Amino acid sequence: MIKITLPDRSVKEVEAGTTALDIARDISEGLARNVLSARVNGKVVDATRPISEDADLTLLTWNDDDGKATMWHSSAHLMAEAIEQLYPGVKFGIGPDIENGFYYDIDFMDYQVSDADFKKIEDRMLELARQKQGFTRREVSKEEALSYFSRKGDEYKIELIDELEDGEITFYESGTFTDLCRGPHLPDTGMIKAVKLLGIAGAYWRGNEKRKMLTRIYGITFPKQKELADYLEMLEEAKKRDHRKLGAELGIFTFSRQVGQGLPLWLPKGAELRERLENFLKKVQRKMGYQQVITPHIGKVELYKTSGHYEKYGQDSFHPISTPIPGEEFFLKPMNCPHHCEIYNSSPKSYRDLPYRIAEFGTVYRYEQSGELHGLTRVRGFTQDDAHIFCTPDQLKDEFKGVMDIVMIIFKALDFKDFITQISLRDPNDKGKYIGSDENWDKSEQAIMEVAEERGLDAVVEYGEAAFYGPKMDFMVKDALGRKWQLGTIQVDYNLPERFDLEYVGTDNEKHRPVMIHRAPFGSMERFVAVLLEHCAGKFPLWLAPDQAIVLPISEKYHNYAEKVLNLLNNSEIRALIDHRSEKTGRKIRDAEMKKIPYMLIVGEKEEQDGTVSVRKQGEGDIGVYSVEEFAAMVNGEIEQMLDIEV
RNA sequence: GCCUCUUUAGCUCAGCUGGUAGAGCAGCUCACUCGUAAUGAGCAGGUCGGGGGUUCGAGUCCCCUGAGAGGCUCCA
């Protein structure tokens, strides 16, 4: 007999060899029907695996992420089985579960497959699911595994097996499909009730551009039809938040074929929005001792040879600009740091000049691969809210803290709560590949960790993710469809001060090398505005909204009064406009609601008599009658509160 | 750059197996002068992304090319 401890700490005594599914059945049939897999002593395994020793057991269902993962991984096998039956002779790469569903990479050989085939595959999957095929786990020797896939002629599986140790190889069989697989899997395919194939894409075998491109099919499955419907509806909703759609609707930006791919054109509303963001940051930076600088959009090739960027960007980016002078070449700047280093170098520095903080909204150009361009989040010309801080190693920690505070101020002002903080440090096993002294690295890495700790940030630490020139901290936010985008970044740099021979005279009258911090709290204005649009679904915070209020006269008779109200609002620095159309009030309200204008001010006979406005808040409805002064004070108070920042 | 798909009016989309373009919304004009999410009528708007081919005839079929979408690889 063995002891099984359940999550509620209750203990069951069962015979050795009992399965998690048996235990579930013992508790209730209903539970047993919903068990997808089980966590036994911390490891997720098949619910049908016999348990042979005392164990902590958690039964995993659709409510557990690991349960979902089991379902989706099994669905990948189910899809493979269906595809193998429909397209005999195809070869399989890998087919894992992912955050939302699963995929399988398949070499379709001579078959031409497109999303038009999805229906057929889905139908076959459902048909196979209804057969309630079990998943049979089998331990096989490496030799046996190799011989199976050699006979089948699947070189991808053979390659995978080659890299495995004998004795750790398992096969899973379900229906007519046998796969090299670690598991775990569902008790049977009958639990898969709804299937949807979501997309088809090329994917390089093993993620290597040099190797064959396989066909990847993405899909998702659910234990209930209703859940699939909900999921598809959620995707539809997410599409409505897409910044590319909202950006066009709200007149923020556009693209032009003539101007070129990835080169956004900011429309008036977008330009004003961006200016507001820039002014906000400038104000914060001024308080924190930054100085604004301005540098040109191009620089001589020699500048980038000095910085080392030539090697990185020379070949695969915009090619140099030549001039009438033979041999003279300029580059569009892919970053601002080299220019800023030259500003540092323009006059001798003493320790008294440090920290030296220079900031610039610097527009840079990078020739991103055409397939990578994406709305405003990935473009070829963009403006970084860049700044470089040159300081002594001792000042590094305080400076880092200051930068982090700026990021937090911004996130607060824009109500960003769901962001991911990542700290990237050296690979401790390969310290040789990094530039700069061990001592300095230790110091900066420690500083970053301490600052995160002191500010109570829940950061993910990634070892080996640091740039060769220094450790960094990045801030990531998810877009409407859950894709992660990096926004703010703070990077320590030991490389450029070296390359540009930056110096300062210390208290000891000797020359020393400063440390450099690159930082961009927004990341880039383009990407930030994109993420902001998706974050607020076009409903900008009041202080940023292009139009903060719209005056809606009931009829033409009240246009004069509306003008008067508008004037008062403008005097109070509130951005407002009037809807002069001869439409019914209901229509004007609807249109203003759709345009997401935060406040609607309805004026008619009563309001004109009393010198008031009838206020309606976007998304909320009527909030009562105010004098224009009261309303202005309310709006300005609300804005002040949002921007209430302590520096 | 690679794979799959898409490309018709400012926007969202129809247009079956080839027979010389259609709707809704937006826009403009007129009427209505209106109280918290769509008043009515009329008008205008497209060399069907571009180029080439097949055909008596191409939005529709084929080839090249531009742009967009979802991925992969990049980027960080």
Side-chain angles (χ1 to χ4, degrees), chain A residues 93 98 103 105 108 112-118 198-218 235 239 242 244-245 248-249 251 254-262 312-313 316-317 334-335 366-375 377-380 382 384 422 424 462 465-467 472-476 481 483-489 491 518 520 523-524 527 552-559 581-595 600-607 614-625:
Chain A
I98 51 177
Y103 67 78
D105 282 349
F108 273 96
Q112 276 298 321
V113 177
S114 76
D115 54 13
D117 299 85
F118 284 2
L198 297 168
I200 185 162
Y204 299 108
W205 171 232
R206 314 212 83 179
N208 185 340
E209 206 180 350
K210 302 274 184 298
R211 306 199 62 177
K212 182 157 183 183
M213 182 165 263
L214 305 182
T215 303
R216 175 172 298 177
I217 298 184
Y218 288 90
L235 281 186
K239 276 190 199 151
D242 191 313
R244 291 163 298 191
K245 189 175 160 62
E249 282 171 9
T254 189
F255 286 94
S256 145
R257 280 173 211 177
Q258 294 248 28
V259 172
Q261 275 187 297
K312 194 174 162 69
Y313 288 94
D316 300 324
S317 196
M335 65 272 307
R366 298 178 190 174
Y367 192 78
E368 304 291 356
Q369 294 185 25
S370 63
E372 255 316 316
L373 300 171
H374 182 96
T377 49
R378 194 78 185 273
V379 289
R380 284 179 171 165
F382 57 99
Q384 297 178 310
Q422 179 178 321
S424 301
E462 296 284 352
E465 282 293 302
K472 59 178 179 170
M473 179 185 261
D474 296 318
F475 299 88
M476 261 106 52
L481 287 171
R483 292 174 291 216
K484 268 187 228 165
W485 293 100
Q486 185 193 306
L487 292 179
T489 180
Q491 309 185 7
H518 307 253
S524 79
R527 187 175 285 182
L552 309 180
I554 297 286
S555 80
E556 271 169 42
K557 283 186 270 181
Y558 311 107
H559 279 189
R581 296 174 304 165
S582 70
E583 291 289 351
K584 288 180 157 179
T585 309
R587 178 53 185 269
K588 292 185 180 181
I589 286 170
R590 181 182 152 83
D591 288 348
E593 286 279 349
M594 305 272 276
K595 281 194 215 154
M600 283 151 261
L601 308 179
I602 294 145
V603 295
E605 193 179 350
K606 277 183 297 205
E607 289 77 9
S614 183
V615 182
R616 184 185 163 100
K617 199 166 183 175
Q618 203 271 347
E620 288 177 30
D622 196 347
I623 60 169
V625 177

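Just so it is clear, the model here is predicted, and its values are computed rather than measured. Numbered from 1 within each chain, the chains take letters A, B, ... in sequence-line order.
- Going from atom OH of A:Y103 over to atom CD1 of A:I217 covers 13.0 Å, rounded to the nearest 0.5 Å.
- For the P atom pair drawn from B:rU55 and B:rU60, the interatomic distance equals 16 Å after rounding to whole Å.
- The CZ atom of A:F108 sits 6.0 Å away from the OG1 atom of A:T215 when rounded to the nearest 0.5 Å.
- Under 3.5 Å, the side chain of A:R206 and the base of B:rC72 form no donor-acceptor pair of N or O atoms.
- Nucleic acid contact for A:A201: base, since at least one base atom lies under 4.0 Å from a heavy atom of the residue.
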Given Watson-Crick and G-U pairs under 3.5 Å, RNA chain B in dot-bracket ([ ] crossing, | other strand) is (((((((..((((.....[..)))).(((((.......))))).....(((((..]....))))))))))))....
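- Remark: C1' of B:rC75 and CD of A:Q486 are 10 Å apart, rounded to the nearest angstrom.
- For A:R380 and B:rA76, the CZ to P distance is 16 Å, given to the nearest whole Å.
- A side-chain donor from one of A:R216 and A:Y218 sits under 3.5 Å from a side-chain acceptor of the other.
- Look at the C1' atom in both B:rA21 and B:rC30: the space between them is 29 Å, to the nearest Å.
- Remark: A:Q491 CD to A:D474 CG distance equals 6.5 Å, nearest 0.5 Å.
- Of the P atoms belonging to B:rG27 and B:rG10, the separation is 15 Å, rounded to the nearest Å.
- Summarising the geometry, the separation between CD on A:Q618 and P on B:rA37 is reported as 13 Å, rounded to the nearest angstrom.
- Among the nucleotides B:rU4, B:rC74, B:rC72, the one closest to the side chain of A:M213 is B:rC72.
- For the C1' atoms, the distance from B:rC62 to B:rC74 is 34 Å, rounded to whole Å.
- Comparing B:rC48 with B:rC13, their C1' atoms sit 14 Å apart, to the nearest whole Å.
- Residue contacts shown for A:G207 are limited to sugar-phosphate atoms, with no base heavy atom under 4.0 Å away.
- The OH atom of A:Y218 sits 7 Å away from the C1' atom of B:rC72 (whole-angstrom rounding).
- For the C1' atom pair drawn from B:rG19 and B:rG57, the interatomic distance equals 7 Å after rounding to whole Å.
- In terms of polar N and O atoms assigned as donor or acceptor, the side chain of A:Y204 comes within less than 3.5 Å of the base of B:rG1 in a complementary pairing.
- Between the P atoms of B:rC43 and B:rC25, the separation comes to 15 Å (whole Å).
- The side chain of A:E593 lies closest to B:rA37, out of B:rU4, B:rA37, B:rC72.
- Ion pairing between a basic and an acidic side chain is recognised when a charged N comes within 4.0 Å of a carboxylate O; A:K588 and A:E583 show no such pairing.
- Rounding to whole angstrom units, CE of residue A:M594 and C1' of B:rU36 are separated by 16 Å.
- For A:L214 and B:rG71, the CG to P distance is 18 Å, given to the nearest whole Å.
- Counting all heavy atoms, side chain and backbone alike, A:G262 lies closest to A:V379 at O-CB, 3.3 Å.
- Judged by distance alone, the side chain of A:Q384 and the main-chain N or O of A:G523 form no donor-acceptor pair under 3.5 Å.
- Shown here are the side-chain contact (heavy atoms from CB on, under 4.5 Å) partners of A:K584, two or more places apart in sequence or in another chain: there are none.
- In this structure, the side-chain contact (heavy atoms from CB on, under 4.5 Å) partners of A:S524, at least two apart in sequence or on a different chain, are A:F382, A:E526, A:R527.
- Remark: A:E605 CD to A:I554 CD1 distance equals 10.5 Å, nearest 0.5 Å.
- In this structure A:K606 satisfies the side-chain contact (heavy atoms from CB on, under 4.5 Å) test with no other residue, sequence neighbours excluded.
- In this structure, of B:rA76, B:rU36, B:rC5, it is B:rU36 that holds the atom nearest to the side chain of A:R616.
- In this structure, A:Y103 atom OH and B:rC72 atom P are separated by 8 Å, rounded to whole Å.
- Using a 4.0 Å cut-off between charged side-chain N and carboxylate O, A:D591 and A:K595 make no salt bridge.
- Comment: A:E593 engages A:R616 in a salt bridge, judged by a side-chain N to carboxylate O separation of less than 4.0 angstrom.
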Could you run through nucleotides 59-69 of chain B and give me one letter per nucleotide, 5' to 3': B if any protein heavy atom sits under 4.0 Å from the base, S if only the sugar-phosphate is that close, - if neither? -------BSSS
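- Between the side chain of A:R366 and the base of B:rA76, no donor-acceptor pair of N or O atoms lies under 3.5 Å.
- Between the C1' atom of B:rU4 and the CG atom of A:D115 lies a distance of 7 Å, rounded to the nearest Å.
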B/S/- along nucleotides 26-35 of chain B (protein heavy atoms under 4.0 Å) is S-----BBBB
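- Rounded to the nearest Å, the gap between the P atom of B:rC2 and that of B:rU65 is 10 Å.
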